[in-house]
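Proteins come first, then strands; the chains are lettered A, B, ... in the order of their sequence lines, and each starts at number 1. Just so it is clear, the values below take in all heavy atoms, side chains as well, and ignore hydrogens, waters and symmetry mates.
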There are 2 protein chains.
Amino acid sequence: MTQKSGIAAVAETAGVSVSTVSQVLSGNRPVSEATRAKVNAAIAELGYTPHPGARSLRSRRTESIALLVPDITNPFYPLVAVGMQDVLLPAGYLLSILDAGSQSGTGRLLGHVLERRFDGIALHIDGLSDADRARLAESGTRVVALGRDIGIEGSDYVESDDAGGFAKLGEHLLGTGRRRIGFIGGEEESDPSRLRLGGLRQAFAGAGLGYDDAATVFTSFTRDGGRDGIAALYERRTDWDAIVCANDLIAIGAMDELRRRGLSIPADVAVTGYDDIDAAALVHPSLTTVENPAREIGRTAARLLLTRLAGDGDDAPTQHITLSTRLVVRDSTTSPIPQER
Amino acid sequence: MTQKSGIAAVAETAGVSVSTVSQVLSGNRPVSEATRAKVNAAIAELGYTPHPGARSLRSRRTESIALLVPDITNPFYPLVAVGMQDVLLPAGYLLSILDAGSQSGTGRLLGHVLERRFDGIALHIDGLSDADRARLAESGTRVVALGRDIGIEGSDYVESDDAGGFAKLGEHLLGTGRRRIGFIGGEEESDPSRLRLGGLRQAFAGAGLGYDDAATVFTSFTRDGGRDGIAALYERRTDWDAIVCANDLIAIGAMDELRRRGLSIPADVAVTGYDDIDAAALVHPSLTTVENPAREIGRTAARLLLTRLAGDGDDAPTQHITLSTRLVVRDSTTSPIPQER
DNA sequence: ATCCGTTTCCACATCGTTTTGCGTGCATGC
DNA sequence: GCATGCACGCAAAACGATGTGGAAACGGAT
């Protein structure tokens, strides 16, 4: 006997045609109750699973979405991923989390990702090269950018109010009398680094003060970046009374390095982060930071993608959603003598 | 004109046949230097990308691998993922990280995952139901289990020496004079919880002591689990002098709850974790724990999968790899008065 | 009995690849 | 000059699903 497989096998054991099986699967055309039952029985009996390749070949959809992040070991990103899954799974989409390993790793992965023909891609990547941007645009894949505008025609983006968050941080520090405030950014070419610094500047301006460019250094969004940042700042001057870091990982690394240099936090120098990852509350002293609604960012991004995918809609105007942030004051900027609670 | 697409378009502009294009792509048959050049030129000109669906339809391979984890926000898992990518990307495979959200979420995701026909699946999941195990086995997908034996015929697994790690922890605690040692496990039905408890028992036995079952509680592998665990243990008795936790998240939650109850760590009670996630070094006091080589687990698992996939080999015997662990002593079990260094 | 409108199902073309079995054309050996 | 062998390319048949245009079956109305 010829061993059929796939939908053909189901059709045979159910005693109907291939197209009928397809109909009951997709519900595209009405099918009588009786045959529907037969088909479902056959499906169950054979343990049939549709072949996604064949399906996507015709339908031009893969029902899966990629999330491309620069560093999955940064606890911020898993939360974004979870948020996206909250929305995507119920909608029948599978989320694949791809780790570029670093900003520079993006290009290497992008080829892989485009080859896979995901229905949509969520990108949280800085410094996308022009070539990569072009590849993305040409591919026609739906893109939603996280945390910044990625500069692709017709792609939505969702970010949190970075500038506002840093303005709040700046006000808080200025309000506690700090004036010699250094800033450690991530990669210099990154939008977020600039935005965040911008928020800080804004706080200074609001207080009628100027902000000195010599008080800023750029490294990378990691703990090592924080250590390096402190080293760089303290080569310029040594009387900082506060260090504002572009994210929590940098802040944690910076605190490490400050302590290694015998400085006390916050008595000698205050430190702030951004994101409010779990570790921010756990370090000692606990870190003043800004809550970055990672999970909500993920949810929102997923919704944007789904809307675009459902509507076939290039017609709708580009969406740009900004989520608000919240200042979280902890010990690293306040209690003069950190102690166990 | 008929607008061809895909490989047919390439064939047309290169002035060769479809099969020839396929040949130069796959390198399955020799192709003359001249035509190879023509084809490559056409590919570049058209910006052609092969359709993975069509490809997998014929080749029955998707060139992608899934990693299924119970909780991607547990920092242990991103490291495993990175380790797998270390090996898989150079081999041309794409790794999709799927988050089940919880142990119980596995079943819900498994359907999705099997539908997608990944070439291989790495599972780090406890308490796989018999039904799910059967589905996996039937699917014929290559499976590698992480951290425990998943009980599927012919599937390899890689774990770390949990029992050994906990034995070391136990010896360390007993060596510092602690005797009333409680244990907070994760999910009770989980293999690791049992293995880890077993290691602790072994340490007691080695010292000629017995270990009391009433000293153990099971919750979940999260910070909340740690808080609950402490609550449960202190309902039984209140004179614990050490709490051994099944992972770092539990330990961190436990420390929180202990402090909330006014107990001092490690003066009143010592606490230990497992995994050595970043946060373990950051909490206050820093956490004594066991280094669990997450990244290496990922690499090893990926290698196992690749070997199986390359060899078409169901012939090779099942592999079972155990990675060694290392005790990391920090302040939560030693310095009587925690202080800033 | 005939005709028409529904309902229900089917045949067939199609999506973009891979793969096998055959032509070609050309050089080689006698 | 003729058979032989090689190196290259090509045609065509899968792979497993979707979807459209019709054909059959069935009632009800005339």
Side-chain angles (χ1 to χ4, degrees), chain A residues 2-43 46-64 92 114-117 119 139-140 312, chain B residues 2-43 46-64 92 114-117 119 139-140 312:
Chain A
T2 34
Q3 182 66 307
K4 316 220 180 219
S5 64
I7 215 175
V10 175
E12 186 163 306
T13 79
V16 300
S17 82
V18 171
S19 27
T20 303
V21 177
S22 174
Q23 252 96 266
V24 358
L25 251 357
S26 67
N28 252 352
R29 290 260 195 104
V31 174
S32 80
E33 201 47 58
T35 59
R36 189 203 314 283
K38 276 194 300 183
V39 170
N40 283 328
I43 288 178
L46 300 180
Y48 162 76
T49 307
H51 191 293
R55 181 170 270 183
S56 79
L57 183 56
R58 285 280 325 199
S59 64
R60 313 189 118 338
R61 298 192 147 222
T62 57
E63 242 85 70
S64 40
L114 292 179
E115 261 179 27
R116 291 317 196 280
R117 313 254 172 137
D119 290 344
S139 78
D312 290 52
Chain B
T2 34
Q3 181 68 306
K4 317 218 181 223
S5 62
I7 217 176
V10 176
E12 186 163 305
T13 79
V16 299
S17 81
V18 170
S19 28
T20 303
V21 177
S22 174
Q23 250 97 267
V24 357
L25 252 358
S26 68
N28 252 351
R29 290 257 197 105
V31 174
S32 81
E33 201 47 56
T35 59
R36 188 202 315 283
K38 277 193 300 183
V39 170
N40 283 328
I43 288 179
L46 300 180
Y48 163 76
T49 307
H51 191 293
R55 183 170 271 183
S56 78
L57 183 55
R58 283 285 324 197
S59 64
R60 316 193 109 347
R61 299 192 146 221
T62 57
E63 241 85 72
S64 39
L114 292 180
E115 260 179 27
R116 292 314 196 280
R117 312 255 170 138
D119 290 344
S139 78
D312 290 52

Note to self: Counting primed atoms plus P, OP1 and OP2 as sugar-phosphate and everything else as base, spell out the protein contacts along nucleotides 11-16 of chain D at 4.0 Å heavy-atom distance: B, S or - for each nucleotide, 5' to 3'.
What the structure shows: B-BBBB
Next item on the list: Output the distance between atom OG1 (B/Thr13) and atom CG (B/Leu46), rounded to the nearest 0.5 Å.
Entry: 4.5 Å
Check: Which angle, to the nearest 10 degrees, lies between the helix axes at the two ends of the helix from C/dA1-D/dT30 to C/dC30-D/dG1, each defined by five pairs?
Finding: 60°
Item checked: All salt bridge (charged side-chain N to carboxylate O under 4.0 Å, His left out) counterparts of A/Arg36, not counting sequence neighbours -> A/Glu33
Item checked: Of residues 24-43 of chain B, the positions that come close to DNA chain C - non-hydrogen atoms, cut-off under 4.0 Å -> B/Asn28, B/Arg29
Checklist line | A/Ile7 side, atom CD1; A/Leu25 side, atom CG - distance, nearest 0.5 Å | finding: 5.5 Å
Margin query: Please enumerate all residues that pass side chain to side chain donor-acceptor pair (under 3.5 Å) together with B/Ser64, with sequence neighbours excluded.
Written below: B/Thr62
Notebook entry, point to check: From B/Ser56 OG over to A/Arg116 CZ, what is the distance, rounded to the nearest 0.5 angstrom?
Noted result: 10.5 Å
Check: Taking all non-hydrogen atoms of both residues, which atom of A/Val39 and which atom of A/Val16 are closest, and how far apart?
Finding: CG2-CG2, 3.9 Å
Next item on the list: Identify the two heavy atoms, one from A/Val21 and one from A/Ala11, that lie closest to each other, and give their separation to 0.1 Å.
Entry: CG2-CA, 3.7 Å
Margin query: Rounded at 0.5 Å granularity, tell me how far CD in B/Gln23 sits from OG in B/Ser17.
Written below: 7.5 Å
Item checked: Distance (rounded to the nearest 0.5 Å) between A/Lys38 NZ and A/Ser32 OG -> 7.5 Å
Notebook entry, point to check: Under the 3.5 angstrom rule, does the side chain of B/Asp119 hit a backbone N or O of B/Glu63 as a donor-acceptor pair?
Noted result: yes
Note to self: Return the CG to CZ distance between A/Leu57 and B/Arg55, rounded to the nearest 0.5 Å.
What the structure shows: 13.0 Å
Next item on the list: Walk along DNA chain C from 5' to 3' and tell me the first and last nucleotide with an atom closer than 4.0 Å to a non-hydrogen atom of chain B.
Entry: C/dG16 to C/dG21
